[in-house]
Number of protein chains: 2
Amino acid sequence: MTTPNQNIKVAVDAAIFTIKNDSLQILLIQMKKNPFTESWAIPGGMIQNDETTLDSALRILTTQTGLRGVFLEQLKTFDDQTRDPAGRVISVAHWALVPDHDIQLKTTEKYADVRWWNVNKLPKLAYDHDLIVKEALARLKSKIQYTNIVWSLLPVEFTLTQLQHVYEIILGNAMDKRNFRKRISDLKLIRPVGKKSTGAAHRPAELFSFRQRKLDYVEIV
Amino acid sequence: MTTPNQNIKVAVDAAIFTIKNDSLQILLIQMKKNPFTESWAIPGGMIQNDETTLDSALRILTTQTGLRGVFLEQLKTFDDQTRDPAGRVISVAHWALVPDHDIQLKTTEKYADVRWWNVNKLPKLAYDHDLIVKEALARLKSKIQYTNIVWSLLPVEFTLTQLQHVYEIILGNAMDKRNFRKRISDLKLIRPVGKKSTGAAHRPAELFSFRQRKLDYVEIV
DNA sequence: ACAAAAGTGTTGTTACTACACCCATGG
DNA sequence: CCATGGGTGTAGTAACAACACTTTTGT
């Protein structure tokens, strides 16, 4: 059997999330090129011959946010024949979590605009990006419950209340403070850094940091 | 920005599992083509311009096993630059579960041989297929615990003991009969068909069938 | 009558939920 | 001294784990 003469291109798209203003937000770019001029989409592009899709996703992430060392992984490959009107392009979608602080979004010539959007108030997206975002959100909600990935949404030192808010925003329901702290404490994912928050008009909170700032599965001992 | 001139091919590989002789087995083919002559691998091939990767995986599954209507889904895309010595080929790996009964493996000209292998006694595989199989196994172990996918490993009518054995073989640990039955009963995934098994030298067992023979997430009410 | 798997409940332990008040700070 | 979020324990309930004997069939 001979190899069929394929005419298929491989792209990478990246769903990049952060927590900002007490809501879960996603980074969208506004497109220039036809037929999606003015449309919003998640950032992406064709992969180069010598890079892996993860390399490519990292490149997108760094180009847009300037960040490295955050959580980033493959999501799923989207390959419907009609997903790109310009021809057969399959997209190996990735997703990432970035901390809010210190981020300065970078505009490139490629796009008309770049900004964060509340995931509950998204515009209609280009291509099949609605679907990609939907799957990424589902993965986030699921994976936050059995891994330590929240580390990638928080500063190195944070309070227990900040941590709880991240869970509440992503999972969409309020949690009991005492029960939350008990559970977190049992998981042994974080440790106190021995400092307290300052400057707020209330009792200072103890600061914690993650033991590992990379993917780790929670052992339910 | 212009589209780079890509020289990347898209393949699909399929990890196909069954339960046979009280063990978890995977379908491997023996290759003919260089440099993997005689090596074993999971079945796969290039996708065609007009088919999705899922179509392609379905084609592979049907070609090898003659089956349709079983559980099949995308696993992950493998795209290391060096995974195929013949050039840059990314593989959108899929995985499937098939029932043991009624399967007659089909040999094609493409391969030297096809047979089932116990997943605990695998030979060294071609390409990065060791890695693909490892990921597929992890997904199976995980997904069997919060979905109804076992339906795809069993005949339409089965006994509770058969069902329990499938879980025990995949998860690798013995389970308590009474607790298992309580749990299964609570999940409401199966229903009695009103018949009993016959022919064995012991008390006949009640037969059950799945309410749905397609992917369903278990609601832990 | 014996071998072999089917079927069936209870009890103790552990994990989870609900819930309210005092504390430390800044303004 | 007031407003704001920080920090802490207990009791009731629900889920889970461990465990053994009787039943029905084929040979």
Side-chain angles (χ1 to χ4, degrees), chain A residues 19 21-23 100-101 142 144-146 150 154-155 157-169 171-209 217-221, chain B residues 19 21-23 100 141-142 144-146 150 154-155 157-169 171-209 217-221:
Chain A
I19 301 275
N21 303 332
D22 288 323
S23 72
D100 173 29
H101 62 94
S142 164
I144 202 179
Q145 302 186 66
Y146 63 91
V150 270
L154 286 163
E157 299 180 347
F158 53 88
T159 67
L160 292 176
T161 301
Q162 279 180 283
L163 180 61
Q164 183 177 340
H165 279 161
V166 173
Y167 278 92
E168 289 178 333
I169 290 165
L171 297 176
N173 55 326
M175 295 176 172
D176 179 88
K177 183 161 55 161
R178 279 173 289 192
N179 294 339
F180 178 81
R181 287 169 182 227
K182 244 175 293 174
R183 232 177 315 132
I184 290 294
S185 160
D186 289 345
L187 295 178
K188 306 233 161 54
L189 290 176
I190 63 174
R191 62 155 166 257
V193 296
K195 288 191 274 179
K196 304 221 169 213
S197 63
T198 54
H202 54 77
R203 178 172 172 180
E206 184 155 23
L207 293 173
F208 292 81
S209 69
Y217 290 83
V218 174
E219 315 150 32
I220 301 163
V221 191
Chain B
I19 301 276
N21 304 332
D22 288 322
S23 72
D100 173 30
K141 283 182 191 178
S142 162
I144 201 179
Q145 302 186 67
Y146 63 91
V150 272
L154 287 163
E157 298 181 347
F158 54 87
T159 67
L160 293 176
T161 301
Q162 279 180 285
L163 180 62
Q164 184 177 340
H165 279 161
V166 173
Y167 278 91
E168 289 177 333
I169 290 165
L171 297 175
N173 55 325
M175 294 174 172
D176 179 88
K177 181 161 54 161
R178 280 173 287 192
N179 293 338
F180 177 80
R181 286 168 183 228
K182 244 174 294 175
R183 231 177 315 134
I184 290 294
S185 160
D186 290 345
L187 295 179
K188 308 236 161 56
L189 290 176
I190 62 175
R191 62 156 166 258
V193 296
K195 289 191 273 177
K196 305 222 167 213
S197 64
T198 53
H202 55 77
R203 178 171 172 179
E206 185 155 24
L207 292 173
F208 292 80
S209 68
Y217 290 83
V218 174
E219 315 149 31
I220 300 162
V221 191

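Fair warning: this is a prediction, and the values are worked out from it, not measured in the lab.
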From [atom1] of [X] over to [atom2] of [N], roughly how many Å is that when rounded to an integer?
X       : N       : atom1 : atom2 : answer
L160(A) : dT8(D)  : CG    : C1'   : 12 Å
R203(A) : dC23(C) : CZ    : C1'   : 4 Å
F158(B) : dA5(C)  : CZ    : C1'   : 18 Å
F208(B) : dG7(C)  : CZ    : C1'   : 10 Å
K195(B) : dA6(C)  : NZ    : P     : 18 Å

Of A201(B) and L207(B), the one whose closest DNA chain C nucleotide lies more 5':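 First, find each residue's nearest nucleotide; the 5'-ward one identifies A201(B).
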
Evaluate the side-chain proximity of [Y] to [X]: yes if any heavy-atom separation is below 4.5 Å, no if none is.
X       : Y       : result
L163(B) : F208(B) : no
P204(B) : T198(B) : no
V218(A) : L189(A) : yes
P155(B) : Q162(B) : yes

Would you check if the side chain of Q164(A) reaches a backbone N or O of M175(A) as a donor-acceptor pair within less than 3.5 Å?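 Looks like yes, one N/O pair under 3.5 Å.
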
For residues 175-186 of chain B, which residues have at least one heavy atom under 4.0 Å from DNA chain D?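 Within residues 175-186 of chain B, the residues near DNA chain D are D176(B), R178(B), N179(B), K182(B).
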
Give me the atom names and distance for the closest heavy-atom approach of T159(B) to A205(B).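 Of all heavy-atom pairs spanning T159(B) and A205(B), the closest is CG2-CB, 3.6 Å.
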
Among dA24(C), dT23(D), dG7(D), the nucleotide that comes nearest once only the side chain of E206(A) is considered: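 Minimum distance to the E206(A) side chain belongs to dG7(D).
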
Phosphate contact (dA5(C) OP1 or OP2) by T161(B) side-chain N/O below 4.0 Å: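 Checking T161(B) against dA5(C): no side-chain N or O falls below 4.0 Å of OP1 or OP2.
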
